[in-house]
Amino acid sequence: MLRSLADSDNASSFANKLRAKRFLKFETLTKNLPRPFRVLDVGGTNAFWENRGWHERNDVEILTLNLTAEEQRHENIKPIAGDATNLAGFADRSIDVIFSNSVIEHLFTFENQRRMASEIQRVGKAFWVQTPNFWFPIEPHFHFIGWQWLPIATRVSILQRRTCGWRGPCPDPVGARHLVEEVRLLTQSELRALFPSATLIAERFAGFVKSWTAVSGFN
């Protein structure tokens with residue numbers, strides 16, 4: 001049931017409804033930007049922008065950057081290959097808006113997260129970076145209450161034996177550790193340290209902050 005609720009590619013899922021509500025704020029921020037403008041979506045997909053209704057627009061060019069580029073399906077969405085921690089192919093302030101949704105937590109270490117944050121602030125005139133909150137009780141990738149608060153060895157042992165969210169079971173201890181260590185959720189103070197000039201927007205659910213979004217440059 002949790003997998004179904006969390007399937008962000010399903011337009012009717014709970015996760016997608018939350019994303020749609022969050023995205024309305026992004027649309028409001030971009031409403032007054034001069035047209036056309038260019039978006040670099042770090043870690044983005046065709047499906048995300050299709051679900052948001054931004055595909056086939058003629059006033060926005062979207063570059064979706066991943067380690068392996070997707071196929072191109074739309075004239076205004078151009079998938080490219082690249083590394084979130086090294087945007088050397090882009091000049092300073094060469095992108096109107098950098099967008100990233102639930103990506104920065106997938107970089108293993110805080111140092112890699114710092115590199116991604118630094119590159120976003122170098123390249124983007126404005127940015128919107130969303131990430132799950134470390135202190136939200138249900139870990140969104142493994143669908144396990146308090147998962148991120150357990151010792152790594154305990155998480156590896158669990159993942160070797162059972163399916164947790166989108167991952168596992170993974171009997172190989174090296175592979176299981178890789179899957180566990182890939183996801184490093186951020187606290188509010190860590191996100192503030194990465195994006196010191198940004199406004200942090202809290203997304204709340206059931207009284208808890210479910211995610212944080214660092215926003216800057218839209219005024």
Side-chain angles (χ1 to χ4, degrees), residues 8 19 22-23 26 37-49 61-72 77-136 139-142 147-148 152 155-156 165-167 170 174-201 203 211-218:
S8 58
R19 282 190 174 186
R22 188 189 312 143
F23 193 76
F26 176 75
F37 64 88
R38 186 160 63 151
V39 176
L40 173 62
D41 184 355
V42 178
T45 64
N46 284 309
F48 177 88
W49 295 99
E61 178 189 11
I62 302 167
L63 306 176
T64 57
L65 182 142
N66 291 280
L67 292 175
T68 301
E70 287 189 312
E71 65 173 345
Q72 183 166 357
I77 302 177
K78 299 179 180 179
I80 59 174
D83 183 345
T85 67
N86 183 3
L87 301 177
F90 296 92
D92 294 0
R93 296 181 60 80
S94 59
I95 297 293
D96 297 306
V97 179
I98 295 186
F99 181 93
S100 188
N101 188 85
S102 294
V103 172
I104 198 169
E105 72 271 15
H106 288 278
L107 297 179
F108 292 92
T109 68
F110 187 73
E111 178 58 25
N112 284 340
Q113 292 169 331
R114 186 197 64 76
R115 291 187 181 117
M116 175 177 169
S118 178
E119 284 291 80
I120 284 173
Q121 291 167 98
R122 176 184 69 81
V123 173
K125 298 174 184 176
F127 61 81
W128 167 285
V129 180
Q130 182 272 346
T131 190
N133 179 23
F134 176 83
W135 293 111
F136 187 71
E139 206 288 336
H141 307 89
F142 296 90
W147 175 268
Q148 66 273 33
I152 288 179
R155 287 180 268 170
V156 170
W166 308 111
R167 294 162 170 78
C170 181
V174 175
R177 178 173 285 271
H178 180 87
L179 292 172
V180 167
E181 292 184 342
E182 175 209 340
V183 180
R184 185 188 182 280
L185 299 186
L186 288 159
T187 65
Q188 179 185 12
S189 61
E190 288 177 328
L191 194 63
R192 169 64 65 201
L194 293 177
F195 298 98
S197 66
T199 297
L200 299 188
I201 300 174
E203 177 189 35
S211 74
W212 292 103
T213 304
V215 177
S216 182
F218 290 95

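For clarity, every value in this text was computed on a predicted model and none was experimentally measured.
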K.L.:
Enter the distance from Trp135:CH2 to Thr187:OG1 here, rounded to the nearest 0.5 Å.
P.N.:
8.0 Å

K.L.:
Between CG of Leu63 and CZ of Phe90, what distance do you get to the nearest 0.5 Å?
P.N.:
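Separation between the atoms: 5.5 Å.
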
K.L.:
Is there a side-chain contact between Glu71 and Pro79 in this structure, where contact means two heavy atoms from C-beta onward sitting under 4.5 Å apart?
P.N.:
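No; the side chains remain at least 4.5 Å from each other.
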
K.L.:
Where does the angle between the aromatic ring planes of Phe142 and Trp147 fall among parallel (under 30°), tilted (30 to 60°) and perpendicular (over 60°)?
P.N.:
parallel

K.L.:
Quick check: do Leu194 and Val129 have side-chain heavy atoms less than 4.5 Å from each other?
P.N.:
no

K.L.:
With a 4.5 Å cut-off on side-chain heavy atoms, are Phe218 and Phe26 touching?
P.N.:
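Counting from C-beta outward, Phe26 and Phe218 do come under 4.5 Å.
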
K.L.:
With distance as the sole test, does Asn66 use its side chain to make a donor-acceptor pair with the main-chain N or O of Gly44 at under 3.5 Å?
P.N.:
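Answer holds: yes.
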
K.L.:
Quick one: does any side-chain atom of Ser100 pair with a main-chain N or O of Val42 as donor and acceptor, under 3.5 Å?
P.N.:
yes

K.L.:
Specify the closest pair of heavy atoms between Cys170 and Gly175, including all atoms of both residues, with the distance to one decimal.
P.N.:
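Answer, listing the atom of Cys170 first, then Gly175: SG-C, 3.7 Å.
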
K.L.:
Do the side chain of Glu119 and the main chain of Leu87 share a donor and acceptor less than 3.5 angstrom apart?
P.N.:
yes

K.L.:
Would the distance check show the side chain of Glu61 and the main-chain N or O of Arg38 forming a donor-acceptor pair, the cut-off being under 3.5 Å?
P.N.:
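No, the answer is negative, given that no donor and acceptor are paired below the 3.5 Å cut-off.
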
K.L.:
Is the closest side-chain heavy-atom distance between Leu185 and His141 below 4.5 Å?
P.N.:
yes

K.L.:
Would you say the ring centroid of Trp49 lies under 6.0 angstrom from that of Phe99?
P.N.:
yes

K.L.:
Can you check whether Phe108 reaches His178 side chain to side chain, under 4.5 Å on heavy atoms?
P.N.:
yes

K.L.:
Rounded to the nearest 0.5 Å, what's the gap from CD1 on Ile80 to CG on Leu65? Could you check?
P.N.:
4.5 Å

K.L.:
Within the 4.5 Å heavy-atom criterion, are Ile104 and Phe195 side-chain neighbours or not?
P.N.:
yes

K.L.:
Return the CG to CZ distance between Asn101 and Arg19, rounded to the nearest 0.5 Å.
P.N.:
4.5 Å

K.L.:
Can you spot which of Glu190, Glu111, Glu139 makes a salt bridge (charged side-chain N to carboxylate O under 4.0 Å, His left out) with Arg184?
P.N.:
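Only one option passes, and that is Glu190.
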
K.L.:
Could you give the distance from CG (Asn112) to NE2 (His106), rounded to the nearest 0.5 Å?
P.N.:
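If I round to the nearest 0.5 Å, the distance is 13.5 Å.
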
K.L.:
Measure from the side-chain N and O atoms of Arg167 to the backbone N and O of Ala176, and report whether any donor-acceptor pair falls under 3.5 Å.
P.N.:
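Such a contact is absent between Arg167 side chain and Ala176 backbone.
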
K.L.:
Could you grab the distance from atom OG of Ser211 to atom CG of Leu186, nearest 0.5 Å is fine?
P.N.:
12.0 Å

K.L.:
What pairs with Thr85 under side chain to side chain donor-acceptor pair (under 3.5 Å), at least two apart in sequence or on another chain?
P.N.:
Asp83

K.L.:
Is a donor on one side and an acceptor on the other found under 3.5 Å between the side chain of Glu70 and the backbone of Asn46?
P.N.:
yes

K.L.:
Decide yes or no on side-chain contact (heavy atoms from CB on, under 4.5 Å) for Gln130 and Phe23, but give the supporting numbers first.
P.N.:
CA-CA 10 Å; Gln130 182 272 346; Phe23 193 76; over 6 Å; no

K.L.:
Can we say Arg122 and Asp92 salt-bridge, meaning some charged N sits less than 4.0 Å from an Asp/Glu carboxylate O?
P.N.:
yes

K.L.:
Given side chains that start at C-beta, do those of Ile152 and Arg177 come closer than 4.5 Å, heavy atoms only?
P.N.:
yes

K.L.:
Within the side chain of Gln148, is there an N or O that forms a donor-acceptor pair under 3.5 Å with the backbone of Phe136?
P.N.:
yes

